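So the structure is just underneath, and the comments pick up after that.
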Amino acid sequence: MKINCTIDNKSISLTVNSNKPLNLILMEDVEAPNMDARCRDGFCGNCVVLLNDEAVLSCLIPAFKLKGARVLTFDGFKRTRFWHDLERAYEDTGSHPCPHCYASKTLIFEALLQTIVKSDEGPSRDEEPSEETIVEEIALNRCPCLDAHEMIDIFKAAATYRRRRRVRRY
Amino acid sequence: MYEGIRSPAVHLPKTMSDLVSVATRFPNATFWAGGTFLMSRHDYYPTRDSNDIISLSEVPDLGRINRTDRYLEIGSMVTFEDMLKVGKQVLPGLLQETLERTATRIVRRHITMGGALCTEGIRLALPGTLVSLQAEVEVKTCLGPKTETKWLDLHRLYDKLGVLQLKKNELITRIRLGFERENFSYFITAGNPMLNPQETVFLSFACSYNQSVIQKFSMCLTFPTSLILVPKEIDMMMQGTLLPLTSQQISRVVRNVMEEILSASPQEYPPMQIERARGFVESAMHELNAQSLSER
């Protein structure tokens, strides 16, 4: 099956099996360096990517869902300005995910940060995530390297930077 | 590595009649809802016997939530996250809690209502909750140019051991819930059905009472791989009972449920599941008592 999509801001045309999972496409066909997950059951949480700006487990997305989609892996995300909000939040709080889950947890944080931006845009949009939601979402990645307080602190610090960025933009 | 592996054809019907026609032409094709369950199977990819895929995501009728005077009708392709956005006024508390406690938001965006009812080999918490809420499902049978549509009580979709009774050419298109609200609902779960199905138990319980007299008592106990228990006799027995329940009445309910579990299957259930089920039923009865006493 031929699929045209955008991966890390590059337009790519792939010929892959229609049911091949996105994580395998990224590892084998695109050779994304930070994609090391192969739990094969969607429960390690190490294969998170942003698909059309929403965090997804790439092992649960088949190739045929990628037609015209925008995929952003951690490597692509590191080249955006939004990465610096999280990088600075890690530095400020002194807590950061371990190397094994760094990419995945960072992208989950980013997906949560995007809901704030949306909530600032108008009352009908998503609300800012509660502390419970932050912990629940990050726990999608089963690595226990961060405790709940650290997750919340990182998110709050990053959210502060993200809001400032938004103010400066206007 | 993947030599000889066929790429399945993907059909993307845009209307209900397209769907019926594709399903008739390709009777062995797999209906694809959210894909979260199918893709989490260990043998999903690569495999040599992959069937064609009929993706249901582009049929608009399946993605609608419709509210009538009497019912809430939910399309089978509505995701859990979309359901949670419907709001507390419309969604029964029991259903809301069940959806919230299934996976995380990132995964819930992909799990569909119909998909969660039709998982092969594993029952999630949703069927039990919908059974407790006495939901109905619309089943469409694709028979050549004709289709047959019927509404079924949801509990008739499974046998006692939780095995799905849908045929290959049948498809769930809508789920219907009444607007009658129970005074008391209780959902409790332990374990992860995908990681430890042999240890996981779900209990969904809904009860209506008026002036401390039980009018409706609806319980469903689920073991993901081996049981969907709807103890109808206990439901009948409890109707007309005065709240709060005495400790003898609670013991009797627990004993009857345990007897039904043990007689449901010729094989033995793991002791962990049995113990959890006992604890859940007992705690549901105590919670019911606590609520009824607090309203006095």
Side-chain angles (χ1 to χ4, degrees), chain A residues 1-3 14-25 27-29 38-45 47-52 54-67 104 107-108 110-112 115 124-127 129-130 132-142, chain B residues 1-12 29-30 32-58 79 81-82 84-85 87 99-112 115 119 122 192-197:
Chain A
M1 182 180 208
K2 195 171 177 184
I3 290 157
L14 294 163
T15 305
V16 290
N17 277 8
S18 57
N19 58 345
K20 189 170 184 176
L22 174 58
N23 65 331
L24 292 188
I25 295 175
M27 282 181 342
E28 295 170 0
D29 301 275
R38 186 84 201 263
C39 64
R40 307 194 59 164
D41 56 11
F43 304 115
C44 75
C47 63
V48 175
V49 296
L50 299 180
L51 178 69
N52 298 329
E54 277 187 356
V56 294
L57 285 170
S58 58
C59 62
L60 300 183
I61 305 294
F64 72 87
K65 294 267 181 193
L66 295 178
K67 276 191 175 172
S104 165
L107 289 176
I108 302 175
E110 173 58 22
L112 286 167
T115 63
S124 62
R125 298 302 188 98
D126 294 348
E127 285 172 12
S130 64
E132 204 177 49
T133 308
I134 296 165
V135 174
E136 187 194 288
E137 291 300 301
I138 302 292
L140 177 68
N141 185 300
R142 296 169 68 82
Chain B
M1 182 180 175
Y2 302 128
E3 285 147 22
I5 292 175
R6 168 182 168 269
S7 175
V10 181
H11 306 279
L12 292 160
T30 306
W32 192 281
T36 47
F37 177 78
L38 289 175
M39 293 202 68
S40 62
R41 302 289 80 200
H42 284 273
D43 56 356
Y44 166 72
Y45 190 89
T47 175
R48 283 182 192 281
D49 53 350
S50 44
N51 294 324
D52 285 358
I53 291 168
I54 301 177
S55 172
L56 306 174
S57 60
E58 295 190 15
T79 64
E81 206 50 30
D82 287 340
L84 287 168
K85 285 179 189 158
L99 298 175
E100 279 173 348
R101 293 181 66 177
T102 304
T104 69
R105 193 156 62 168
I106 289 172
V107 182
R108 282 200 299 263
R109 281 197 208 109
H110 297 271
I111 306 178
T112 60
T119 48
I122 283 192
N192 183 328
M194 306 304 276
L195 295 176
N196 303 310

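We name chains A, B, ... by the order of the sequence lines, and we start the count at 1 in each one. Computed from a predicted model, the values in this text were never measured in an experiment.
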Checklist entry - When you measure from the side chain of Ser7(B) to the backbone N and O of Ser18(A), does any donor-acceptor pair fall under 3.5 Å? => result yes

Checklist entry - To the nearest 0.5 Å, what is the distance between CD (Glu54(A)) and CD (Glu81(B))? => result 9.0 Å

Checklist entry - With Thr102(B), which residues qualify under side-chain hydrogen bond (donor to acceptor under 3.5 Å, both in side chains), at least two apart? => result none

Checklist entry - Checking Ile53(B) against chain A: side chain, backbone, both or neither under 4.5 Å from a heavy atom? => result side chain

Item to check | Test item: Arg105(B) and Leu112(A) side chains (from C-beta on) under 4.5 Å apart, heavy atoms | outcome: yes

Checklist entry - Do other residues, nucleotides or ligands put more than 12 heavy atoms under 6.0 Å from the CZ atom of Arg142(A)? => result no

Item to check | CD1 on Ile106(B) to CD1 on Ile108(A), rounded to 0.5 Å | outcome: 4.5 Å

Item to check | Contacts of Glu137(A) that satisfy salt bridge (charged side-chain N to carboxylate O under 4.0 Å, His left out) - sequence neighbours left out | outcome: none

Item to check | Short side-chain to backbone donor-acceptor contact, Tyr45(B) and Pro62(A), under 3.5 Å | outcome: no

Checklist entry - Any side-chain heavy atom of Val56(A) sitting closer than 4.5 Å to one from His110(B)? => result yes

Item to check | Contact origin within Val48(A) toward chain B - heavy atom pairs under 4.5 Å | outcome: neither

Next on the checklist: Let me confirm one number: the CD1-CG distance from Ile5(B) to Asn19(A), rounded to the nearest 0.5 Å.
Outcome noted: 9.0 Å

Checklist entry - Are Val10(B) and Lys67(A) side-chain neighbours, meaning at least one heavy-atom pair lies under 4.5 Å? => result no

Checklist entry - Looking only at heavy atoms, what is the nearest atom pair of Cys59(A) and Met39(B), with distance? => result O-CE, 3.4 Å

Checklist entry - For the residue pair Thr36(B) and Leu60(A), what are the closest heavy atoms and their distance? => result O-CD2, 3.7 Å

